[in-house]
S.K.: 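Quick one: this structure, given as structure tokens, is what I'll be asking you about.
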Amino acid sequence: MSNITQSRLLAELNTILRFSGLLTGEAVKSRAATFWDNSPMRAKALLRPSSVEQLQQCMRLCHAARQVIVPLGGNTSLAEGTAASADDMVLSLERLNQIEQIDTVSQTVTVQAGVVLQALHEALAAQNWVFPVDLGARGSCTLGGMLATNAGGFGVLVHGMMRTQVLGLEVVLADGSLLSSMHGFLKNNSGYDLKQLFIGSEGTLGIITRAILRIKPALAGRASALLGVERFEQVCELLKHLQSGSGLSAFEVMWPSFWRLNTGEYSSHQSPLAGEHNFYVLLECQASSQAAAEAACCSALEAAFNDGLLQDAVIAQSMAEAQSLWAIREAYEAEQKRFKQIWGFDVSLRIADMQRFAQLLEERLKRLSAAIYLSVYGHLADGNLHLILGGNPPLPETHTVEEVVYQCLAEFGGSISAEHGVGLEKKPWLHLTRNANELHWMRQLKQLFDPHGLLNPGKIFDSEPA
Ligand code: LAC
Ligand code: ZN
């Protein structure tokens, strides 16, 4: 145990980080708490190492001083996974932002944790390669944060989540030591696959610093279409239909509550479909050329139309039209304008249960408060729904609202977090998804890797059972 004082800790960190790498006081406060919350960032200091060695030195010092560290990626967390107190230090990976190597023979890219997703997409596109994970926060989320939360997004039905893309991982542990598993090939069954422990661990077991990820040759053609569908069974039938031979690469479903909100008076978007529908499906098909993608999409939709699976469809005729369709799906402005209070949920459940769940939840929320608006949408093929609950006061307490949602979800055996993680926000409900034995072994792992509880403590679960 070291008796290093706080002022000495800061002075030594300053020496390691060479001044501009260490922010304190007003420089910390001048940053927003998160992408979603403009209040000042709270932290005793913000550490911005520019190399893995610097990061290790910082961690060694902080470990000796028993200083709590909250790792930070693109700050787009939706579950308070990076919330910090005024006594914590935040460690941002923002200066570890190099794409180190694109290896088109091995079909891999080696990245530092702070690389922004969009920057990776652009660097690969220039060489006709692609990293297949994509999501709305692409302009700010970082690969390290995406790995730490096992992010999903739009392509999961074909390519899997972040975990599926990882061949190699490098992690700095709580004591500053390096755990490197930077292999660049898929098959490696030579003992425990340690890197898997850190993927989705929300920065509680180690700090992800570098990774070797899988890349794929880019398909030049992408066709997007928006469909209006009458019945939920038809939505599911459509998915199955499109999964055979159309090159389906995304299948997003939006309930009318979502559609009305995001094409209505609080939105800058307009519905490109004339009528109203019970379900809206936004899909994308990929192929080796634009003509082939459009042909595959058109013929699959024609067949579906002839089978009576859809009521209406628009197929984007240009990249700009495709983008305007996707902008409706990725929008979040309308809910922010219309509601003073917003509760977001990210749940998973069997596809077959989704509509009954959405209906039952709507009824129960109505009973709780007529002021709550429920907007439903999500990555249907992944069994993943996002729920936005919005309203203006007077409204029930957050806990009461969460109880209604999670109680309903538990009746369908769903998970309280599909792709956004647990953070602080979902911690009280984790027991609905994870049994006591699972939680016991999670705590054992935390104890093993971080015995002093210095890495993002209190996230996912508390160190002692409640
Ligand atoms: C989305 C984010 C909220 O799918 O996960 O839009
Ligand atoms: Zn999502």
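Indexing begins at 1, ligand by ligand and atom by atom, following the structure's order. The model shown is predicted, which means the values in this text are computed figures rather than measured ones.
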S.K.: Who are the residue neighbours of ligand 1 when the rule is a heavy atom under 4.0 Å from any of its atoms?
M.R.: R329, H379, H386, E419, H420
S.K.: Are E202 and K459 close enough for a salt bridge, meaning some N to O gap below 4.0 Å?
M.R.: no
S.K.: Do the side chains of K337 and E333 get close enough for a salt bridge, i.e. N-O under 4.0 angstrom?
M.R.: no
S.K.: What I want to check is whether the side chains of W129 and T104 have a donor and an acceptor closer together than 3.5 Å.
M.R.: no
S.K.: Hey, which protein N/O/S atoms does the Zn ion (ligand 2) have under 2.8 Å?
M.R.: H379 NE2, H386 NE2, E419 OE2
S.K.: For atom CD of E276, is the number of surrounding heavy atoms from other residues, nucleotides or ligands below 6.0 Å larger than 12?
M.R.: no
S.K.: Measure the acute angle between the ring planes of W259 and Y280, then classify it against the limits of 30° and 60° as parallel, tilted or perpendicular.
M.R.: parallel
S.K.: Can you tell me how the ring of F279 sits relative to the ring of W255, calling it parallel under 30°, perpendicular over 60° and tilted otherwise?
M.R.: perpendicular
S.K.: Do the charged groups of R138 and E330 touch, with an N to O distance under 4.0 Å?
M.R.: yes
S.K.: I need the single residue from M161, M162, H379 that forms a side chain to side chain contact (heavy atoms under 4.5 Å, CB included) with V156. Which is it?
M.R.: M161
S.K.: Would you please classify the geometry between the F131 ring and the H121 ring as parallel, tilted or perpendicular, with 30° and 60° separating the classes?
M.R.: tilted
